[in-house]
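Working notes for the structure below.
Quick note on labels: first sequence line is chain A, next is B, and so on, each numbered from 1. Hydrogens, waters and symmetry mates play no part in the numbers below; they use all other heavy atoms, side chains included.
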Amino acid sequence: MQSAKQAKQAKHAQHAAIFKVVNLIPEGKVASYGQIADLAGLPGRARLVGKALSMAPEEITDKTADSAPEQKPLNWHRVLRANGQIAFAKGSEQAKEQIGLLQQENVAVFNHRVNIKEFGWQPDMHTLLHDLSF
DNA sequence: CGGATGACGTTAA
DNA sequence: CTTAACGCCATCC
């Protein structure tokens, strides 16, 4: 059953890379799924990023912070579509949650979308060289 | 195995 | 602005 095991590990590695990239997005900045996929070493697989985030473990639900001293607050709310639009349907709880979190970080959201030109995250050289081993 | 779906992207009309 | 088409791939039925 090594193939299954390897497949599982490979998938885990992809998720880990995606979560890593997502987690290193600074406050007040947003990134698109395609950009995350690209930085995570998965060019053209933006959908995979969304899939990974949808399969995201309980790490996103960072409630009960008292029993988890070193929780992993996945910054999924800083991930938007390439055009700066919120990935969720307008009116959905997830969308409201994401918009709220973004506004909490000084990111302006107008009509369910963000000015990607203004808040688009552009990783600096140090991040590219150090965190991504690029 | 094939069809449909999805927290997507880009280009074209 | 909207629609459509194609690409790309994991997952479900």
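Remark: the backbone N or O of A/Pro43 is paired with a side-chain donor or acceptor of A/Arg45 at under 3.5 angstrom. The backbone N or O of A/Arg78 lies less than 3.5 Å from no partner atom in the side chain of A/Asn75, so there is not a single donor-acceptor pair.
In this structure, A/His112 atom NE2 and C/dC1 atom P are separated by 14 Å, rounded to whole Å. What separates CG of A/Leu42 from C1' of C/dG7 is a distance of 16 Å, to the nearest Å. As a whole-Å value, the separation of A/Ile18 CD1 from C/dA10 C1' is 11 Å. At whole-Å resolution of the value, CZ in A/Arg45 and P in C/dT11 are 14 Å apart. Distance A/Ile36 CD1 to B/dG9 P: 11 Å, rounded to the nearest Å. For the pair A/Tyr33 OH and B/dG9 C1', the computed distance is 13 Å after rounding to whole Å. Rounding to whole angstrom units, CD of residue A/Gln85 and P of B/dG9 are separated by 10 Å. The distance between atom CZ of A/Arg113 and atom P of B/dA7, rounded to the nearest whole Å, is 19 Å.
With both ends at atom C1', the span from C/dA4 to B/dA7 equals 22 Å, rounded to whole Å.
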What does the list of N/O pairs under 3.5 Å between the protein and nucleotides 10-13 of chain B look like, with a distance for each?
none

Just the table, please: protein N/O against nucleotides 4-6 of chain B N/O, every pair under 3.5 Å.
from: B/dG6; atom 1: N7; to: A/Arg47; atom 2: NH2; distance (Å): 3.1
from: B/dG6; atom 1: O6; to: A/Arg47; atom 2: NH1; distance (Å): 3.4

Verdict with reasoning, A/Ile36 to A/Val22, per side chain to side chain contact (heavy atoms under 4.5 Å, CB included): CA-CA 7 Å; A/Ile36 298 298; A/Val22 172; 3.8 Å; yes
Could you go through the side chain to side chain contact (heavy atoms under 4.5 Å, CB included) check for A/Leu74 and A/Phe19 one step at a time? CA-CA 7 Å; A/Leu74 186 62; A/Phe19 295 139; 3.7 Å; yes
Walk me through it: do A/Arg81 and A/Ile86 pass the test side chain to side chain contact (heavy atoms under 4.5 Å, CB included)? CA-CA 6 Å; A/Arg81 288 188 176 173; A/Ile86 303 295; over 6 Å; no
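Taking the side chain as every heavy atom from C-beta outward, A/Val21 and A/Leu132 approach each other to under 4.5 Å. Contact check for A/Gln98 versus A/Trp76: side-chain heavy atoms found under the 4.5 Å cut-off. Counting heavy atoms from C-beta outward, A/Val107 and A/Leu101 have side chains that stay 4.5 Å or more apart.
Closest of all the heavy-atom pairs between A/His112 and A/Ala95 is CE1-CB, 3.7 Å.
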